[in-house]
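Quick note: numbers below take in every heavy atom, side chains included, and nothing from hydrogens, waters or symmetry partners. Chain A is the first sequence line, chain B the second, and so forth, proteins listed ahead of strands; every chain is numbered from 1.
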There are 2 protein chains.
Amino acid sequence: MRMSELSRRSGVSVTTIKYYLREGLLPTGRQTAATQAEYDEQHLRRLRLIRALTGVRGLSVSGTREVLDALGEHDGDTHRLLGLALGTIRLPADTARDEPETAEVDALVKELGWQVHQNAPARGTLAETITSLRSLGVPLDWHTLLPYARLAERTAALDLDQLDGIEDPLEAAERALLLTVLLEPALMALRRMAQENESAHRHAG
Amino acid sequence: MRMSELSRRSGVSVTTIKYYLREGLLPTGRQTAATQAEYDEQHLRRLRLIRALTGVRGLSVSGTREVLDALGEHDGDTHRLLGLALGTIRLPADTARDEPETAEVDALVKELGWQVHQNAPARGTLAETITSLRSLGVPLDWHTLLPYARLAERTAALDLDQLDGIEDPLEAAERALLLTVLLEPALMALRRMAQENESAHRHAG
DNA sequence: TAACATGGATAGTAGAGGTATCCAATTTCT
DNA sequence: AGAAATTGGATACCTCTACTATCCATGTTA
């Protein structure tokens, strides 16, 4: 299909598609002539993925590129994709270095008995959150986070269950990415609703 | 204290503090003369809160203002703050209207037996996530989300436990806000780490 | 009282995420 | 076949956000 058809079927304007091509989010089409190119269903799928990551999840264009690159470089080992490639997704928090609370995070991970890469960005996010909340007077330490971590364990188990039965490793990798990244706003939305409900129940009694 | 001291103690530049004053994120100081004003610990605390919301959580300035306004208007009823004020925090997803999947969300909430306001933005976020994932070929429905929702219930219970024993309602409200909003990146980080760990275990066997 | 600091107002800046325009090559219509 | 429309690529421009810099009249301090 041509770019205009790609635009029509994806709902993304031609100029924006050109922008994504420039930014390396979308691979170039197959050139059929000097000024003509052909796109296929893969491009359409990729475009929908881009819109989901930037729109629903609110990822930046550069963040989206990192995710998509990780998906492309993935070597057939879904475990590595989950552990490393998804680790490249920077949460908004992930700019600070030399967080003083890394010891706290180490203690938590040790207590949980988790195997987590030492350089995982998630560690930094966690450390920074602890620092922030403490500076605001919330007495948070790894003991407080432990029950949350146990629930996260069970959430992760659900996530991986969704990947069972997918035989194509590339498809499994993409599914893993979709579930990990796109489900985040949904899980937080569920938490909000659960808080409202729980709060109503506690105040009713 | 003067603005320069506020700046020094908060680590936020004087010009940025002026910007926050202009944007209505920070209340003005007590005027002591025509060109002189006095700030106190409340201002410092507010400033730290602003930096936590914009920095750690990645909230926009207008989003932060909405949150802070909700905190200010809160009438002593923490339940309402949790249910309504926190509902004003727009997740990045929250722009679309007329989502076709609201019926799906209604079914989920009904099955859970939750009391959730019909206009809660979280409903829209959830609906949009379902729509997005389906358009990408992930067969997601409310049955899939049910176990996630059960875990969200328990997370919410932990959240509300943290508020027990705080007698000052304003402090409880602020604590609720901090835990709900600032813990989000941390919970997602825990999920990432748990996924890595779970994936390692499943592939080892 | 001279030097410096302060608060408020206004204008400017950098980066993100697009959008508009131009152009030559190519396709479609008749 | 030839005119008209479309296409892909390059470049310039635009809008919004979150600051940042400068100016200035008024205060404070040595």
Side-chain angles (χ1 to χ4, degrees), chain A residues 1-40 43-44 46-47 49-68 89-95, chain B residues 1-40 43-44 46-47 49-68 90 92-95:
Chain A
M1 79 188 88
R2 295 300 167 71
M3 200 187 270
S4 61
E5 190 181 346
L6 189 63
S7 167
R8 199 170 29 74
R9 291 183 57 189
S10 65
V12 179
S13 76
V14 170
T15 46
T16 301
I17 291 176
K18 290 179 179 181
Y19 169 65
Y20 290 154
L21 284 167
R22 278 202 306 283
E23 293 296 316
L25 296 191
L26 193 65
T28 54
R30 188 176 52 83
Q31 290 276 125
T32 60
T35 64
Q36 239 43 31
E38 184 76 12
Y39 303 89
D40 57 20
H43 289 93
L44 182 60
R46 171 62 69 103
L47 206 41
L49 183 53
I50 292 168
R51 295 307 280 211
L53 292 175
T54 59
V56 177
R57 176 48 228 269
L59 233 54
S60 68
V61 167
S62 61
T64 304
R65 183 173 40 231
E66 283 185 61
V67 173
L68 295 175
I89 304 167
R90 303 196 190 297
L91 299 174
D94 191 38
T95 47
Chain B
M1 79 188 89
R2 296 297 167 72
M3 199 188 270
S4 60
E5 190 180 344
L6 189 63
S7 167
R8 199 169 31 73
R9 291 183 58 188
S10 65
V12 178
S13 76
V14 171
T15 46
T16 302
I17 292 175
K18 290 180 179 179
Y19 169 65
Y20 290 154
L21 284 168
R22 277 201 306 283
E23 292 297 316
L25 296 192
L26 193 65
T28 54
R30 188 175 52 83
Q31 290 277 124
T32 59
T35 64
Q36 248 26 44
E38 184 76 13
Y39 303 90
D40 58 19
H43 289 93
L44 182 59
R46 171 61 69 105
L47 206 41
L49 182 54
I50 292 167
R51 294 309 278 211
L53 292 174
T54 58
V56 178
R57 177 46 228 271
L59 234 53
S60 68
V61 167
S62 63
T64 304
R65 183 174 38 232
E66 282 185 60
V67 172
L68 295 175
R90 303 197 192 296
D94 192 39
T95 48

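- Look at NE2 on His43(A): it is 17 Å from P on dT7(D), rounded to the nearest Å.
- Between Leu6(B) and Leu26(B), the shortest heavy-atom contact is CD2-CD2, 4.5 Å.
- The shortest heavy-atom contact between Ser10(B) and Ile17(B) is OG-CD1, 4.5 Å.
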Query - Full working for side chain to side chain contact (heavy atoms under 4.5 Å, CB included) between Leu49(B) and Val67(B) - result: CA-CA 11 Å; Leu49(B) 182 54; Val67(B) 172; over 6 Å; no

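- Applying the side-chain hydrogen bond (donor to acceptor under 3.5 Å, both in side chains) test to Arg8(A) and every residue at least two apart in sequence or in another chain returns nothing.
- Residues passing the side-chain hydrogen bond (donor to acceptor under 3.5 Å, both in side chains) test with Ser60(A), sequence neighbours excluded: Ser62(A).
- The stretch residues 24-37 of chain B touches DNA chain C through Gln31(B), Thr35(B), Gln36(B), Ala37(B), each having a heavy atom under 4.0 angstrom from the strand.
- Between the P atom of dT28(D) and the CZ atom of Arg2(B) lies a distance of 6 Å, rounded to the nearest Å.
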Report task. Whenever both distances are under 3.5 Å in a Watson-Crick or G-U wobble pair, mark it; put DNA chain D into dot-bracket that way, with [ ] for crossing pairs and | when the partner is on another strand. Result -> ||||||||||||||||||||||||||||||

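- For Tyr20(A), the side-chain hydrogen bond (donor to acceptor under 3.5 Å, both in side chains) test picks out Arg51(A), with sequence neighbours left out.
- Within the structure, salt bridge (Lys or Arg N to Asp or Glu O under 4.0 Å) contacts touching residues 22-32 of chain A (residues at least two apart or in different chains) are Glu23(A)-Arg65(A).
- Every side chain to side chain contact (heavy atoms under 4.5 Å, CB included) that Ser13(B) has, sequence neighbours left out, goes to Thr15(B), Thr16(B).
- Here Tyr39(B) pairs with His43(B) under the ring-ring contact (aromatic ring centres under 6.0 Å, His included) rule; sequence neighbours left out.
- Distance alone, capped at 3.5 Å, places no donor-acceptor pair between the Thr54(A) side chain and the Leu59(A) backbone.
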Report task. Scan nucleotides 17-24 of chain D nucleotide by nucleotide, 5' to 3', and note B when protein non-hydrogen atoms come under 4.0 Å of the base, S if they reach only the sugar-phosphate, - if neither. Result -> -BBBB---

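- For Arg2(A), the salt bridge (charged side-chain N to carboxylate O under 4.0 Å, His left out) partners at least two apart in sequence or on another chain are Glu38(A).
- Once you apply a 4.0 Å limit to the heavy atoms of chain A, the touched nucleotides of DNA chain C run 5' to 3' over dG17(C) to dT27(C).
- By the side-chain hydrogen bond (donor to acceptor under 3.5 Å, both in side chains) test, Ser4(A) is found to be paired with no residue, residues two or more places apart in sequence or in another chain being considered.
- Here the closest non-hydrogen pair linking Leu53(A) and Thr64(A) is CD1-CG2, 3.8 Å.
- Regarding Leu6(A), its CG atom lies at a distance of 18 Å from the P atom of dT6(D), rounded to whole Å.
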